[in-house]
Amino acid sequence: MVVHSAAERVLSGLDPEQRSAVTAPAGPVCILAGAGTGKTRAVTSRIAHRALTGDISARHVLAVTFTARAAAEMRARLSASGVGGVQARTFHAAALRQVRYFAPRLLEGRAMPELLDSKVRVVTLAAAKVGLRADRAAARDLAGEIEWAKSSLVEPGEYVVAAAKALRETPYEPAKVADVFAAYERLKRGNGVIDFEDMLRAAVWGIEEHADVAEQVRGQYRHLVVDEYQDVNPLQQRLLDAWLGGRDDLTVVGDASQTIYSFTGATSSYLVDFPRRYRGATVVRLVRDYRSTPQVVGLANAVISQARGAEARLRLELHGQRPPGPEPELRIFTDEPAEANAVAARCRGLIDGGTPAREIAVLFRTNAQSEAYEKALTEAAVPYVVQGAERFFERPEVRQAMIALRAATRSIPGETPLPTAVVEGLAAVGWAPDAPPAGGAARERWEALAALVQLAEEYAATPEVVPIGEAVAIERPVTLGDFNEELARRAAQQHVPTVEGVTLASLHSAKGLEWDAVFLVGLAEGTLPTTYAKTPEQVEEERRLLYVGITRAREWLWLSYAAARSPGGRARRPSRFLPQLDRSGGGERAGAGAAPRTERRRAQVVSCRICGATLLAGADRKLGRCPTCPSDLDEELYDRLHQWRQRVAGAQKVPAYVVFTDATLTALAERKPGRTEELIAIAGIGPRKLGLYGDTVLALVAGAGVDEVCPQKSFEI
C-alpha cells in the first residue's frame, strides 16, 4: 500500500503526455521533448515509477547524459522521489568507472594509463613533430578536429576522405591534419596516456572482446536511459549498443530541433531513426512548454516552422502554458558598439527594477563577440560572468579560496555555523562580505567567492542525517570539513555554483540553461548564420541555434543586430531566420509569434523618437518609441480623444476600437500631430480614416473641446 501511494505520488501533477511517457510499457521508448516541456521530470518519473511499482530494480538502471549538472539533477530528483541506487552519470563518467573497475582484468596487472585533461599540449607537440608551428588557438582547432574524428570512429589514415565527405572546414590542409592526428596518437602511446575518446573505446573494447566483462556489465545494467539523445555521436552510440547487447529496455529523450553540435560529431540520426530501428517502439511527444511565456513560445515556433531536412520531420509545435508576458523586443542599431551599449543600459535597468543579475543572459554566436559586451557592462557597472571562458573551479581566486578553507578547519571551532566559518576562512584571501567593487575583473573575482558563501548557506540548510539505530536517526549540522569535501566533489564533476552576474555566453554553451531575461545579439547575416555555413544542412543547424537561444528565455526576450560592425562600416542584413524582419533590413514583417507572410512589402524604417533605435514591432512603430523608453503622453489630450471616440462609436453603433485602437489614441496623445502629413505618418490612420476623422483629430490636438467638434446632441436619436 505504501509503495502504491508512492508510485501514485510520482504520477500526480504530470500532464497527459508526461504521464504517457512515465507509464509506457517496458521496451524501447522514445520521448520527443520540446524545450521547457519537463523532460527531466518525465524521464526521472519514469524511472521512479517503474522502481516503486516493482517493475525494475533501481540498482539495475544506468541513466546517461552529457553534463555533470544534468546527471546531478537526475540523482536529486530520484532521491526526492524515494528512489536511490540509480546510476546517473555522463557517458565519460560511466565509461571511466567501468574501465577502472575492470582494469586489473583487462590490463593484466599493468597500471591504468593516465587520463589527459586536455589534448592541446600533446597536439602542440604533435604539430611540431610534423613541421607545423601551432599557436594555442591553432592547437585548439587541431584538437577539435582530432576529437571529431575519434568520436566519429575515424582513424588517422581515414581522416582525409572522411573530412572531405563531411565538408569539414579544416584548420590546415587535410593531409597535414591527418599527419598531426597520427603523431598525436604515437605521442600518447609513448607517454602512456589516454584521452576521453580512448576511454570510451576502452569501455567498448572491454565489453565487445571479453565475454565475462560483457556478462557482468549487462547483468548490472539492465535498463538504459539516455538524455539529450540528439547529441549522441557514433562512438557513444557504439558504447550504448555494447551496454545493451541486443536488449531493448531503452528509454531515450531528445529534441531534433536542438541538434547543434554536429561539428563535434554529434548526430540526430539515431533519434530520427529510433522508431525504424526499434519496431513497435513507444513514441511520446511532449509539447506543453512550462518555461516560457506564450509570446516567446510563439516566436520559437515561427523560427523553427521554416526548418527543412531530416530533423524537421520530428519538429514539435510547442504550446505555452505560462500566463502571457511582454512581446519580444526587436531592435536594429547603427553599429555594434551602439548595440552593446544599449544592451548594457537595459541590463542596468532590469537589475535596478528588481531582476537579479544571475537571471539575465546575453547570448551571441561566437565567443569573439563577448569583448564588446564585457566592456559595455563594465562601463555600466553591471556585474557579469563569461560562461565557458574559464572553468569556475580552475579560477585562481577559487583555487586559493579552497586552499584557505581547508586550512581554516584547523583554526575555526567546529561548532561555528558553516556560513560564518566560510566567511572567516575567506578573509585569508582578502574577501569580505561588504559592498562589491565596481564592475570589471575585481567585481568578477568578488562575485566568484560570494558564490562559495551562497553555496555554504544552501549546504548548511540540509543537515546530515546520521543513523544511530534501526529506527532512530539524528541530524548532524554540516561542518567546514564536510563543506570542503563537497567542494572537492563538485570540482571533480564541474558542478559549479551560481555566480551573481549577467551571463555572457555563446549560443552553444547556453544549451540546457534558462534565464528570466535573454538578449540575443548580433543577429546579422554572416554571423547567424555564420559565413562558414555553406550547405543546406549547415544552414539548418544555424537556424536551430537561434531556436535554442530563443527558448532559453522565460519571460523577457530581446533580439537585435547592428546594421554595421563599426561606425560608418559596410551595411549588413538581418538574419534570414527572423520572421519579424523584412529581408531588406528595414521594417516590420509579422507579429512576434506569427509565421512569415508569403508576400513581403518593403516597409518604411521607423526610429524611436527618444533613443533613435529602429522600431520593428507594430505597436512600437505606431507609438514612435520603444516600449521601455519614457512616454511623453499628454494625458489631458488623451482623455479628450477617448471621450470623442466613445461618442463616435456610440453613434455608429460599432466597438470603440473600430474608430481608433487604444494604441492609435496613445500615439496621437504622445506625438500630437499638427499637420495632415504628421497625422498619416501614424500607423493605423489610412486614407479612409483620414477622410472621416482627420480634421476633427487635428482640431482636438490643437486644443478644441469634445463638445466643439461633436456636440452631444448631434448623437442623440
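The residues of the chain are indexed from 1 along the displayed sequence. These values consider heavy atoms only, across backbone and side chains, with no hydrogens, waters or symmetry-generated copies.
Among residue pairs with one or both ends in residues 308-318, those qualifying as salt bridge (charged side-chain N to carboxylate O under 4.0 Å, His left out) are Glu311-Arg544; sequence neighbours excluded. Note on residues 218-231: pairs passing salt bridge (charged side-chain N to carboxylate O under 4.0 Å, His left out), not counting sequence neighbours, are Lys39-Asp227, Lys39-Glu228, Glu228-Lys511, Asp231-Lys511.
The salt bridge (charged side-chain N to carboxylate O under 4.0 Å, His left out) check on Arg279 picks up nothing, with sequence neighbours excluded. Arg238 pairs by the side-chain contact (heavy atoms from CB on, under 4.5 Å) definition with Leu153, Val204, Glu208, not counting sequence neighbours. Listed by chain and residue number, Trp205 satisfy the ring pair (Phe, Tyr, Trp, His ring centres under 6.0 Å) test with His210 (two or more places apart in sequence, or in another chain). For the salt bridge (charged side-chain N to carboxylate O under 4.0 Å, His left out) test, residues two or more places apart in sequence or in another chain that qualify with Arg291 are Glu514. The salt bridge (charged side-chain N to carboxylate O under 4.0 Å, His left out) test applied to Asp241 returns Arg277, not counting sequence neighbours. Scanning for side chain to side chain donor-acceptor pair (under 3.5 Å) contacts around Gln321 gives an empty result, with sequence neighbours left out. Listed by chain and number, the residues in a side chain to side chain donor-acceptor pair (under 3.5 Å) with Thr67 amount to none (sequence neighbours excluded). Partners of Asp289 under the salt bridge (charged side-chain N to carboxylate O under 4.0 Å, His left out) rule, at least two apart in sequence or in another chain, do not exist in this structure.
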For residues 249-258, which side-chain donor-acceptor pairs fall under 3.5 Å, sequence neighbours excluded?
unit_1 : atom_1 : unit_2 : atom_2 : d
Asp249 : OD1    : Arg50  : NH1    : 3.0
Asp249 : OD2    : Arg50  : NH2    : 3.0
Asp249 : OD2    : His223 : ND1    : 2.8
Thr251 : OG1    : Arg46  : NE     : 3.0
Asp255 : OD1    : Ser257 : N      : 3.1
Asp255 : OD2    : Gln258 : NE2    : 3.0
Gln258 : OE1    : Arg552 : NH2    : 3.4

Return a table of donor-acceptor pairs under 3.5 angstrom between the side chains of residues 21-28 and protein atoms on other chains or two or more places apart.
unit_1 : atom_1 : unit_2 : atom_2 : d
Thr23  : OG1    : Arg19  : O      : 2.8

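Counting only heavy atoms from C-beta outward, the side chains of Thr264 and Asn233 never approach each other to under 4.5 Å. Within the 4.5 Å cutoff, no side-chain heavy atoms of Arg554 are placed close to those of Thr293. Counting heavy atoms from C-beta outward, Leu363 and Trp515 have side chains that approach closer than 4.5 Å. Taking the side chain as every heavy atom from C-beta outward, Lys150 and Phe196 never approach each other to under 4.5 Å.
The aromatic rings of Tyr229 and Tyr270 are tilted relative to each other, their planes meeting at an angle between 30° and 60°. Taking the six-membered ring where the residue is Trp, His508 and Tyr261 present tilted rings, their angle falling between 30° and 60°.
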